[in-house]
Amino acid sequence: MYNFKEIEKKWQKYWSDNKSFEVDIDKNKTPYYILVEFPYPSGSGLHVGHVRSYTAQDALARMKRMQGYNVLYPMGWDAFGAPAEQYAIKNHIHPKDAVRENIKTFKGQMQSLGFSFDWSREFSTTDPEYYKWTQWQFLQFYKHNMAYKATVPVNWCPSCKSVLSNEDAAGGVCERCGSTVIQKEKSQWMLKMSEYAEDLLNGLDDTNFAEKVKLGQINWIGKSKGVEVDIDIVGGGKFSIFTTCIETIYGITFFVIAPDGKLVKELMPRIENKEEVNKYIEETSKKSNMDRTELNKGKSGVELKGIKAINPVNGKEVPIFLGDFVLGDYGTGAVMAVPAHDERDFEYAKEHNLEIIEVITGGDIKTKAYEKYDYLENKDARLINSDKFNGLTIQEAKEKITHMLKEKGIAREVNNYKMRDWIFSRQRFWGEPIPMVYCEKCGWQPLDEKDLPLLLPDVAEYEPTDNGESPLAKIPEFVNTTCPKCKGLAKRETDTMPNWAGSSWYFLRFMDPHNDNSFASMDAMKYWKRVDWYNGGMEHTARHLLYARFWVQFLYNIGLVPSKEMIWTRVSHGMILGSNGEKMSKSKGNVINPDDIVKEFGADALRTYEMFIGDYEKDAAWSTNGLKGCKKFLDRIYNLGNKLNDSNDYTKDILVLINQTIKKVTEDLNNMKYNTAVSALMILLNNLESLEQVSRKDYRTLLHLLNPIAPHITEELNEKYNLGNKLFESSWPTYDKNNLENDTFTMVVQVNGKVRGKLDTKVTADEEEIKKLAFNLDNVKLFIDGKEIVKVIIIPKKIINIVVK
RNA sequence: GCCUGUGUGGUGAAAUUGGUAUACACGAAGCACUCAAAAUGCUUUGACUUGUUCGUGUCGGUUCGAGUCCGACCACAGGCACCA
């Protein structure tokens with residue numbers, strides 16, 4: 001048992017006093033930027049899940065430093081957001097104070113774990129020096145016509161009288177009080193993210209994201225190629241529909257339009273059953289998005305009486321319906337309904353007794369729709385009931401029908417994206433104030449850049465208002481101001497930015513965190529170049545990553561960052577679950593507090609265990625016995641020092657093993673295979689322990705290789721036995737290519753693919769020699785005697801397989 | 001429903017990418033030390049019908065050889081979900 005408490009404190013102090021991990025631009029060294037998602041400093045302190053990813057990236061950072069890279073490994077705080085606000089309301093303290101306290105706790109915990117962050121670059125998104133630049137960047141969005149105000153539906157809890165984020169309204173009920181959430185129209189700031197859909201797709205080629213991460217981005221953007229077609233209304237007027245299945249256009253038996261769209265409002269004067277229609281529109285608005293998606297068993301809707309639309313390919317007049325399965329903000333808010341070949345249209349037609357016309361062969365449309373997923377797979381599918389297009393394949397029909405409609409000038413090929421513009425307003429106190437002013441005369445005006453930051457007022461009232469406005473609206477000193485343009489009386493925007501804002505560019509700020517003249521200098525960004533490794537939770541690989549990429553691409557387009565993609569590799573870690581295999585939570589009583597573990601077993605043991613626990617990208621259940629095993633491993637490392645001697649004569653076996661271990665650990669750390677890196681070190685230890693004596697050189701190598709994972713004990717032992725320079729300041733061990741293999745190796749002898757014996761052979765043995773030895777094994781003879789030898793397969797240094805009949 | 005993963009001992013998991021399945025660790029059992037326990041060390045530990053045996057979710061295929069490749073299916077986990 002070694003005194004980890006003393007040792008760990010000693011080295012933490014040393015690193016801190018000597019600013020061991022602070023970095024500057026150094027053009028003689030290759031930069032390497034390792035980033036972990038900066039945490040939201042909650043009241044409950046650091047989670048053992050944080051420890052996993054921070055240790056993993058810390059190990060990489062420490063190794064890369066020893067390999068001579070100029071490693072940037074920063075840490076900061078993502079401290080705006082609703083949880084901090086609610087925590088503050090509950091405990092009657094200002095969010096600012098709550099955040100300060102929590103950051104102190106988090107930082108202390110991180111330091112007690114020995115993470116090699118460059119603390120000189122620390123900042124919080126809530127620092128005015130930081131959010132000044134978040135606001136400044138918002139103004140750039142505005143000035144480049146990328147930010148606009150629009151009235152959009154938001155989640156509204158009628159009981160709390162509060163606007164909720166989608167996350168807070170999950171399941172269609174308010175997270176706080178459990179009431180049913182409804183949709184309410186509110187005027188919100190929006191960022192034109194949809195304009196970047198194509199760029200965000202293309203940009204993926206310039207990244208090294210894992211395929212599943214790329215797919216997540218692609219799915220979120222949700223590109224659909226299709227055709228927009230103009231549809232005439234009987235008696236004048238027209239509208240457009242969007243379809244990806246133009247080949248089914250002869251199968252139209254009705255149209256469906258969105259109840260929340262513009263079209264129905266335009267048609268209203270001509271509708272005969274206004275009352276019924278208005279009632280349906282109102283009912284829909286009361287349903288949240290959740291209701292609309294979850295109650296999809298039936299297909300509700302109502303016909304617009306008195307209005308018929310004309311199918312452009314055959315002149316057929318068909319009815320128009322309202323249906324809430326059609327969304328007002330996607331495509332054109334209107335669809336052609338082809339019940340024979342679309343499941344939703346099919347259900348709708350059944351529900352409302354509408355005609356079903358089959359236009360593609362191969363399905364059985366009596367029972368269900370023959371959908372595109374099926375007919376596109378069917379090579380024999382042909383068009384029917386489609387006039388001159390009858391008999392064509394799907395591909396031919398797609399092209400020819402599109403061509404015909406384009407010729408007529410009533411259709412165009414378009415792409416649609418599921419990704420919408422980014423709703424950028426929150427009716428919350430604890431966020432970056434949006435630096436805009438509304439003047440009766442001049443309209444919305446941006447704040448002068450030199451007046452930034454626009455500070456959050458230092459007040460006692462920050463609780464939500466009754467009418468769903470931001471708490472800032474209640475503070476006259478904040479609201480009332482002068483117009484930046486005409487200097488007349490004006491009012492400030494009282495909404496704040498979403499939590500995602502500050503985290504969309506923080507990785508740029510880390511490159512140059514104290515800059516007062518810009519959010520980060522071009523020089524600094526050009527030197528550090530990009531984030532080489534970005535680690536975070538799986539839950540952020542879709543949205544946060546997309547927002548951050550959008551933000552960077554915009555800054556790139558206006559010339560403020562050096563490249564279009566500033567994040568190279570994205571990796572995500574698995575969760576640490578409770579010992580019962582469930583997610584850790586207070587209510588389940590399975591929470592492990594890292595502080596307790598550090599106290600009882602030491603930081604090195606916790607770090608080693610979390611690296612050894614399993615595949616880094618997979619979830620893993622906590623096991624205190626597993627942790628004890630790792631502690632035991634460190635104790636044995638410590639005790640191995642008793643066997644040191646100065647002699648240098650060791651066997652080839654050990655020499656080879658050491659070189660193999662150097663190779664294995666180096667590669668594993670580079671590939672996020674921490675569990676096998678630790679196991680390789682355990683194997684090396686087991687072998688060294690079995691020796692009478694261990695050379696100082698080998699011991700130092702073992703300590704060096706373990707240092708990125710368990711930095712305190714290894715540094716201490718290196719010093720205790722006076723083995724050389726401090727490990728973290730020494731070059732990472734390299735292996736000798738000529739000593740990766742033993743002089744002899746074991747050859748497996750198989751007969752018909754089954755292991756029947758083993759041979760120890762010299763590396764120099766040729767095939768004939770090996771064959772002779774193999775055929776002479778007693779157990780092999782037993783299996784081949786009296787049989788015809790068909791062939792013999794020899795895989796060098798691995799296997800010899802004798803095939804007999 | 002769609003997309004993405006994952007299925008290997010009592011448990012967490014390895015397997016050089018088609019070449020000895022179960023490395024490393026935990027747990028368990030036995031032994032040593034001890035008055036005793038803890039700690040530590042050593043030994044054993046896939047299964048059974050104990051053998052030219054079976055065994056990586058199931059069934060089939062390719063191959064001299066399959067955890068790994070191909071086809072079909074089952075189960076679990078995560079993400080998206082009326083996106084026309």
Side-chain angles (χ1 to χ4, degrees), chain A residues 1 210-213 215-216 218-220 222-224 226-227 241-245 248 255-256 258 289-290 292-297 299 323-327 329-338 342-345 347-348 371-373 416-420 538-539 541-542 574-575 609 612-615 617-630 632-633 635-636 639 660 663-664 667 673 675-683 685-686 689 746-758 779 782-783 790-804:
Chain A
M1 269 285 278
E211 210 48 43
K212 65 171 178 179
V213 174
L215 274 171
I218 290 167
N219 288 342
W220 195 273
K223 178 176 179 173
S224 299
V227 183
I241 55 102
F242 172 74
T243 179
T244 56
C245 308
T248 62
F255 290 92
V256 187
N289 280 333
M290 269 302 164
R292 275 172 80 161
T293 54
E294 274 185 7
L295 298 178
N296 63 359
K297 301 154 213 148
K299 285 278 178 288
D324 66 7
F325 76 87
V326 179
L327 308 172
D329 62 347
Y330 180 78
T332 60
V335 300
M336 64 179 209
V338 182
D342 182 281
E343 202 202 325
R344 292 155 307 171
D345 299 348
E347 281 173 32
Y348 199 94
E371 292 203 278
K372 64 175 164 187
Y373 308 102
N416 265 305
Y417 303 91
K418 285 191 207 176
M419 189 178 73
R420 315 292 154 90
M538 203 54 217
E539 70 276 17
T541 47
M575 272 190 296
Y609 170 60
F612 187 60
I613 196 167
D615 186 330
E617 300 200 71
K618 283 192 211 143
D619 291 352
W622 178 267
S623 153
T624 301
N625 278 327
L627 170 73
K628 281 181 187 161
C630 289
K632 200 161 97 181
F633 166 64
D635 284 334
R636 283 164 57 202
N639 293 334
Q660 284 174 340
K663 182 167 187 278
K664 174 95 179 131
E667 287 172 359
K673 298 179 84 173
N675 52 339
T676 48
V678 175
S679 95
L681 291 166
M682 286 172 168
I683 292 170
L685 173 67
N686 289 346
E689 265 183 341
T746 305
M747 193 88 182
V748 172
V749 185
Q750 294 184 335
V751 178
N752 285 345
K754 301 214 163 167
V755 180
R756 299 303 179 195
K758 283 170 196 178
N779 196 43
L782 212 60
F783 286 96
V790 183
K791 59 175 158 176
V792 178
I793 290 146
I794 297 182
I795 307 297
K797 296 178 196 173
K798 277 180 184 154
I799 237 165
I800 166 167
N801 190 11
I802 305 164
V803 184
V804 297

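Every chain is numbered from 1 and lettered A, B, ... according to where its sequence line falls, protein lines coming before strand lines.
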Under 4.0 Å between any heavy atoms, over every strand shown, what does A:R420 touch: base, sugar-phosphate, or nothing? Just pick one. base
State, with a plain yes or no, whether a side-chain heavy atom of A:N686 is found less than 4.5 Å away from one of A:R636. yes
Determine the interatomic distance between C1' on B:G10 and the same-named atom on B:A28; round to the nearest Å. 8 Å
Nearest heavy-atom contact between A:M336 and A:C245 is CE-O, 3.4 Å
Nucleotide paired to B:A84 in any strand shown, Watson-Crick or G-U, under 3.5 Å: none
With a 4.0 Å cut-off on heavy atoms, is A:N416 in touch with a base, just the backbone sugar-phosphate, or nothing at all? nothing
Under 4.0 angstrom, heavy atoms only, what part of the nucleic acid is A:G629 near: base, sugar-phosphate, or nothing? sugar-phosphate
For B:U22 and B:U45, measure between their P atoms and round to the nearest Å. 12 Å
Looking at every strand, decide which applies to A:D635 at a 4.0 Å heavy-atom threshold: base, sugar-phosphate, or nothing. nothing
Say you pick atom P in B:U8 and the same atom in B:A77; how far apart are they, in whole Å? 15 Å
Just verifying a value: how many Å separate A:W220 CH2 and A:M419 CE, rounded to the nearest 0.5 Å? 10.5 Å
Would you say a side-chain N or O of A:Y417 is under 4.0 Å from OP1 or OP2 of B:C83? no
State whether the side chain of A:N801 and the backbone N or O of A:I793 hold a donor-acceptor pair below 3.5 Å, judged by distance alone. no
In whole Å, what separates the C1' atom of B:G79 from that of B:U53? 45 Å
In whole Å, measure the gap between the P atoms of B:G41 and B:C24 for me. 16 Å
Test item: A:D619 side-chain N/O and A:M575 main-chain N/O as donor-acceptor pair under 3.5 Å: yes
Watson-Crick or G-U wobble mate for B:A21, both contacts under 3.5 Å: none
Counting Watson-Crick and G-U wobble pairs only, both distances under 3.5 Å, name the nucleotide matched with B:A47, or none. B:U53
Return the nearest nucleotide to the side chain of A:K212; candidates are B:A14, B:C83, B:U4. B:U4
In whole angstrom, give me the gap between the P atoms of B:U58 and B:U68. 11 Å
Which residue, A:E689 or A:K758, contacts RNA chain B at a nucleotide closer to its 5' end, judged by nearest heavy atom? A:K758
Would B:G46 be called syn or anti here, given the cut-off of 90° from 0? anti
Spacing of A:E347 atom CD relative to B:A84 atom P, expressed in whole Å: 16 Å
Quick check: do A:F325 and A:E347 have side-chain heavy atoms less than 4.5 Å from each other? no
Does a side-chain heavy-atom distance below 4.5 Å link A:N779 with A:R756? yes
Identify which nucleotide among B:C83, B:U20, B:G12 has an atom closest to any side-chain atom of A:L327, counting heavy atoms from C-beta outward. B:C83
Taking any heavy-atom pair under 4.0 Å as a contact, classify A:K673: base, sugar-phosphate, or nothing. sugar-phosphate
Check whether any side-chain heavy atom of A:V326 sits under 4.5 Å from a side-chain heavy atom of A:R344, and report yes or no. no
Side chain of A:T244, heavy atoms from C-beta onward: which of B:A84, B:U4, B:G12 has the nearest atom to it? B:A84
Categorize A:T243 for me: base, sugar-phosphate, or nothing, with a 4.0 angstrom heavy-atom threshold over every strand shown. sugar-phosphate
Please determine if a side-chain N or O atom of A:T676 lies less than 4.0 Å away from the OP1 or OP2 oxygen of B:A15. no
Rounded to whole angstroms, how far apart are CD on A:E667 and P on B:U17? 11 Å
Counting only N and O atoms by type, is there a donor-acceptor contact under 3.5 Å from the side chain of A:Q750 to the main-chain atoms of A:I799? no
If you measure from the P atom in B:U43 to the same atom in B:C48, how many Å do you get, rounded? 24 Å
Between A:E371 (CD) and B:A84 (P), how many Å, whole number? 11 Å
Decide yes or no for A:V749 and A:K758: does some side-chain heavy atom of the first lie under 4.5 Å from some side-chain heavy atom of the second? no
Whole angstrom is fine here: how far is it from CG in A:D324 over to P in B:C83? 13 Å
Rounded to whole Å, please give me the gap between CG in A:N675 and P in B:A14. 5 Å
Find out whether A:V803 and A:V792 are in side-chain contact, i.e. whether some heavy atom of one side chain is under 4.5 Å from a heavy atom of the other. no
How long is the line joining CG of A:D329 and P of B:A84, in whole Å? 13 Å
If B:A13 has a Watson-Crick or G-U wobble mate with both distances under 3.5 Å, name it; if not, just say none. none
Using purine N1 to pyrimidine N3 plus N6-O4 or O6-N4 for Watson-Crick, or N1-O2 and O6-N3 for G-U wobble, both under 3.5 Å, which nucleotide pairs with B:A36? none
Pairwise 5' ranking along RNA chain B for A:G331 and A:V678, keeping only the more 5' one: A:V678
Would you say the side chain of A:K628 and the base of B:C26 hold a donor-acceptor pair, judged only by whether the two atoms sit under 3.5 Å apart? no
Where the side chain of A:K618 is defined as all heavy atoms beyond and including C-beta, which of B:G7, B:C24, B:C26 is the nearest nucleotide? B:G7
Need one value for A:Y373: base, sugar-phosphate or nothing, where a base atom within 4.0 Å counts as base even if backbone is also close, heavy atoms only. nothing
For A:V338, is there any backbone N or O sitting under 3.5 Å from a side-chain donor or acceptor partner on A:D342? no
Indicate yes or no: at least one non-hydrogen side-chain atom of A:Y609 is less than 4.5 angstrom from one of A:F633. no
For A:D345, report the nucleic acid contact type (base, sugar-phosphate, nothing); a contact means any heavy atom under 4.0 Å. nothing
Less than 4.0 angstrom between a side-chain N/O of A:N686 and OP1 or OP2 of B:A23, yes or no? no
Pair partner, B:C31 [Watson-Crick or wobble, under 3.5 Å]: B:G41
Taking everything shown except A:K223 itself, do over 12 heavy atoms lie less than 6.0 Å from its NZ? yes
When the C1' atoms of B:U49 and B:C64 are compared, how many Å lie between them, rounded to an integer? 30 Å
Atom CD1 of A:I799 to atom P of B:G19: distance rounded to whole Å? 9 Å
Enter syn or anti for the glycosidic conformation of B:U50, syn applying to angles within 90° of 0. anti
Protein proximity profile, nucleotides 62-79 of chain B - base contact B, sugar-phosphate-only contact S, no contact -, cut-off 4.0 Å on heavy atoms: --B---------------
A:F325 side-chain proximity, nearest of B:A25, B:C82, B:A84: B:C82
Integer-rounded Å distance: B:G10 C1' and A:N625 CG: 13 Å
Identified pairing partner of B:G5, criterion: Watson-Crick or G-U wobble below 3.5 Å: B:C76
Can you tell me which nucleotide in B:A84, B:G41, B:A13 comes closest to the side chain of A:R636? B:G41
Using a cutoff of under 3.5 Å, can you pull out all pairs of nitrogen or oxygen atoms linking the protein to nucleotides 50-56 of chain B, with atom names and distances?
{"unit_1": "B:U53", "atom_1": "OP1", "unit_2": "A:R756", "atom_2": "NH2", "d": "3.3"}

